[in-house]
Amino acid sequence: MHWADVLADELLKEDKKHVLATGITPSGPIHIGNMREVLTTDAVYRSILEKGGDAEFIYISDDIDNLRKVYPYLPKSYEKYVGFPISDIPCPCGSHKSYADHFLFSFLDSLKEIGINPKVYSANEMYKSGMYKDAIQIALDNTEKIKNIIEKISKRKLPKNWIPFNIRCDKCGKLTDAKAVLYEYPNIEYTCDCGYEGVVDIRKGGAGKLPWRVDWPARWKMLSVTFEPFGKDHGTTGGSRETGEVIVQEIYNYPAPKYAVYEFIMLKGKGAMHSSKGTALSSEEMLKMTPPEVLRFLIIRNQPNKHIMFDPGLGVLNLVDEYDQQERVYFEKKEEIKGMKDLKKNYELSQPYKIPKKIPFQLPYRHLVTLAQISKKWQDIKKILLRTGQIPMNLEDSDDEHLKQRVEHAQYWLDNFAPDMVKFEVKKKLPKMKLKIDEKKFLKGLLDIIDYIKWDAEAIHNGIYEVSEKQKIPIKTAFSSIYQILLGQEKGPRAGFFLSNLDKEFVIKRIKEAI
RNA sequence: GGGCCUGUAGCUCAGCUAGGUAGAGCAUCUGGCUUUUAACCAGGUGGCCAAGGGUUCGAAUCCCUUCAGGCCCGCCA
């Protein structure tokens, strides 16, 4: 059984509406781990619906969290905002409402592309609207109990005057520097490092926030959360999950949600991703280089508690090939291979939107990678495909869209991640190079017969061999001469296939120029 | 110190949430075509499933122990 079904069945033991929650602090480019969190939840969500259950998928943006430091991708001028809630900081690009929205919105766009549309909550707005009012009061009334729970489970020592509330200083606006002096419902007297002494009314929105270890359980109750996956860092002993479980039951009188701990996604050769170490890959970037259904496939096919090794180099090609292969099996164009576990479910959950009724038109991805380097525009690539008979004249719109999208992903990958060995550029002008006598001789021979060659991959291929044999020129020399005059390099994509995709007149002209 | 994950063919991994004769891709070898680049097709070689113990008629699969590696343990998933 697929892991998503296992989790769904577990939840469905309780016959009620299930609220599946995800969340993230949008303090920088949102990385691929959040993609896993969201996709894990989406898989469970879909499985519940498929089984006839009732469920809602929510996404909470922790946009009231404070900016911790000036990250490398921020201008120095952001120094003055450290300690501010990220929803109160100006947007770096100027076109969003706030710093938080800047990063959140681009992630939400990516989610749309992979077929995920959760109900989005803003923690900041929840606080401002007064939704947290009761939760804050309960927390403050139970300060000692909560403190004990956290100290006992996490083995951390909290300061003497600790209270489960981070006050936002009225004067300097920071969430991090105010210390409570006295709490007497509904007011907290505080002093701030900036020198200000003031009073906040906890019933008022914007007075401050609950610290994470308390906020999380409070939110479970407030939104009736029944399931929320989290990364392994939260799952560790003494982590926020453990304290949260006790706090939600003992303080908020609500059962702890079910969960799944998910492992990290590693970049091949670099280990786990960390924004601070520069090994992070943003969700947006990952999605730009990997077709959406393939990215879903990568995450869906792996159990959440297994780490995923992602190879942004040639691994991407293998992954797409593997996806296509499973697609052929799903539509019974190919026999199932032993070990293809949960193939049907994996394929279905990999679809961003509707599951296709019949198999989408497939072109080997590696061919697309070659074509994407011959022409940049999809319309031009399509012309080549039509001329060479690689796609039918009456290609369906959905297939057209699908291939176009794949070409775009291949292009992004080529521009940013592909290793040099697969890259080439058809030079507009004859590259500067010196051909050897043998190479010129071969090209002359090729020119003699080129008019008679049918312009398809196999005929060209055979033609090259024919000339090479007749002239007694090593085949290696023959191939390299072709690549040199067109690409300015010694090697290139399969010659027959490659040339057939180029315009014949263009090739003839280039050979004439070269000899 | 604690938590989680991993250890299956030379390499990367499936299979372990249905316990019932060990699977795939790459590499290698053979043949099809003197067919460059990670080309294609057919077939072959290749594994004491980390080690030990237990449960069972039967264990890669469940349980326990050990060893080795990875990641996480101040809200960076």
Side-chain angles (χ1 to χ4, degrees), chain A residues 1-3 5-7 9-10 22-25 27-38 40 62 64-66 68-69 71 154-156 166 209 211-216 229-242 244 260-266 268 271-277 279-280 283 301-309 311 314-315 317-318 321-322 325 336-343 364 366-367 369-370 419 421-422 424 457-458 461-462 464-466 468-469 474-483 487 489-498:
Chain A
M1 198 162 37
H2 193 273
W3 56 264
D5 284 323
V6 174
L7 288 168
D9 284 347
E10 180 68 26
T22 54
I24 201 282
T25 305
S27 59
I30 296 173
H31 61 67
I32 184 62
N34 297 105
M35 201 65 113
R36 188 167 201 185
E37 171 159 329
V38 166
T40 301
D62 278 310
I64 193 169
D65 290 6
N66 59 283
R68 308 185 72 76
K69 61 172 183 177
Y71 296 103
S154 78
K155 302 201 170 69
R156 290 202 306 191
N166 298 338
K209 69 180 280 282
W212 169 244
R213 285 183 186 253
V214 184
D215 184 301
W216 206 17
F230 48 87
K232 58 150 45 171
D233 53 341
H234 288 303
T236 196
T237 311
S240 52
R241 169 73 202 188
E242 263 191 17
V261 183
Y262 57 90
E263 260 281 352
F264 287 7
I265 295 179
M266 330 278 252
K268 193 170 180 185
M273 298 190 210
H274 296 277
S275 352
S276 54
K277 290 182 194 164
T279 53
S283 298
R301 76 208 274 236
N302 284 294
Q303 293 206 34
N305 62 1
K306 296 212 182 197
H307 71 249
I308 293 176
M309 195 61 89
D311 173 11
L314 291 170
L317 302 184
N318 290 332
D321 282 349
E322 211 175 325
Q325 188 190 43
E336 184 165 348
I337 297 161
K338 221 172 165 180
M340 276 187 176
K341 190 201 168 198
D342 296 322
L343 174 127
R366 279 160 218 265
H367 286 198
V369 167
T370 299
M421 66 180 290
V422 301
F424 65 86
E458 204 187 332
H461 192 76
N462 291 335
I464 293 170
Y465 272 90
E466 211 175 283
S468 136
E469 255 170 63
I475 191 68
K476 217 175 173 69
T477 309
F479 281 114
S480 85
S481 65
I482 291 171
Y483 297 129
L487 309 175
Q489 57 192 47
E490 296 280 326
K491 292 185 172 182
R494 303 194 58 184
F497 169 76
F498 172 55

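This one's a predicted model, so the numbers in the text were calculated from it and none came from an experiment. Residue numbers start from 1 in every chain, and the chains themselves are labelled A, B, ... in the order their sequence lines are given, proteins ahead of strands.
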Choose from [options] the nucleotide whose nearest atom is closest to any side-chain atom of [X].
{"X": "A:Asn462", "options": "B:rU36, B:rU35, B:rC75", "result": "B:rU35"}
{"X": "A:Glu263", "options": "B:rU36, B:rA77, B:rG70", "result": "B:rG70"}
{"X": "A:Asn302", "options": "B:rG3, B:rA77, B:rA14", "result": "B:rA14"}

Please give the distance between the [atom1] atoms of [N] and [M] as a whole number of Å.
{"N": "B:rC16", "M": "B:rU61", "atom1": "C1'", "value": "4 Å"}
{"N": "B:rC57", "M": "B:rU12", "atom1": "P", "value": "39 Å"}
{"N": "B:rC11", "M": "B:rG46", "atom1": "C1'", "value": "13 Å"}
{"N": "B:rA22", "M": "B:rU35", "atom1": "C1'", "value": "36 Å"}
{"N": "B:rA39", "M": "B:rU34", "atom1": "C1'", "value": "16 Å"}
{"N": "B:rG19", "M": "B:rU45", "atom1": "C1'", "value": "30 Å"}
{"N": "B:rG7", "M": "B:rA14", "atom1": "C1'", "value": "15 Å"}
{"N": "B:rU21", "M": "B:rC49", "atom1": "C1'", "value": "15 Å"}

Under 3.5 Å for both donor-acceptor distances, Watson-Crick or wobble: does [N] have a partner, and if so which one?
{"N": "B:rC11", "value": "B:rG25"}
{"N": "B:rA77", "value": "none"}
{"N": "B:rC40", "value": "B:rG32"}
{"N": "B:rA68", "value": "B:rU6"}
{"N": "B:rU55", "value": "none"}

Rounded to the nearest Å, what distance is computed from the [atom1] atom of residue [X] to the [atom2] atom of nucleotide [N]?
{"X": "A:Tyr465", "N": "B:rU34", "atom1": "OH", "atom2": "P", "value": "10 Å"}
{"X": "A:Asp65", "N": "B:rC76", "atom1": "CG", "atom2": "C1'", "value": "12 Å"}
{"X": "A:Trp212", "N": "B:rC76", "atom1": "CH2", "atom2": "C1'", "value": "13 Å"}
{"X": "A:Trp3", "N": "B:rG15", "atom1": "CH2", "atom2": "P", "value": "13 Å"}
{"X": "A:Arg494", "N": "B:rC40", "atom1": "CZ", "atom2": "C1'", "value": "7 Å"}
{"X": "A:Arg301", "N": "B:rG25", "atom1": "CZ", "atom2": "C1'", "value": "11 Å"}
{"X": "A:Gln325", "N": "B:rA14", "atom1": "CD", "atom2": "C1'", "value": "12 Å"}
{"X": "A:Asn66", "N": "B:rC75", "atom1": "CG", "atom2": "C1'", "value": "9 Å"}

Roughly how far, to the nearest 0.5 Å, is [atom2] of [Y] from [atom1] of [X]?
{"X": "A:Arg36", "Y": "A:Ile308", "atom1": "CZ", "atom2": "CD1", "answer": "3.5 Å"}
{"X": "A:Lys209", "Y": "A:Asp62", "atom1": "NZ", "atom2": "CG", "answer": "7.5 Å"}
{"X": "A:Trp212", "Y": "A:Thr25", "atom1": "CH2", "atom2": "OG1", "answer": "7.0 Å"}

Restricting to non-hydrogen atoms, name the atom on A:Gly23 and the atom on A:Asn34 that form the minimum distance, rounded to 0.1 Å.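 In terms of heavy atoms, the two residues are closest at O-ND2, 4.1 Å.
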Smallest separation among heavy atoms of A:Pro211 and A:Asn166, with atom names: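 Closest approach of A:Pro211 to A:Asn166: CA-ND2, 3.9 Å.
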Under 4.0 angstrom, heavy atoms only, what part of the nucleic acid is [X] near: base, sugar-phosphate, or nothing?
{"X": "A:Arg36", "result": "nothing"}
{"X": "A:Val261", "result": "nothing"}
{"X": "A:Tyr483", "result": "base"}
{"X": "A:Ala478", "result": "nothing"}
{"X": "A:Arg366", "result": "base"}

Which label fits A:His461 and A:Phe479: parallel for a plane angle under 30°, tilted from 30 to 60°, or perpendicular past 60°?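 The rings of A:His461 and A:Phe479 sit tilted, inter-plane angle from 30° to 60°.
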Taking for each residue the nucleotide of RNA chain B with the nearest heavy atom, is it A:Val422 or A:Tyr71 whose nucleotide lies nearer the 5' end?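 Closest to the 5' end, via its nearest nucleotide, is A:Val422.
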Reading RNA chain B from 5' onward, which residue's closest nucleotide shows up sooner: A:Ser480 or A:Val6?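 Counting from the 5' end, the first nearest nucleotide belongs to A:Val6.
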Ring centroid separation for A:Phe424 and A:Tyr483, is it under 6.0 angstrom?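 No, too far apart.
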Using only modelled atom types and a 3.5 angstrom limit, is any donor from either the side chain of A:Lys306 or the base of B:rC5 paired with an acceptor on the other?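 There is none.
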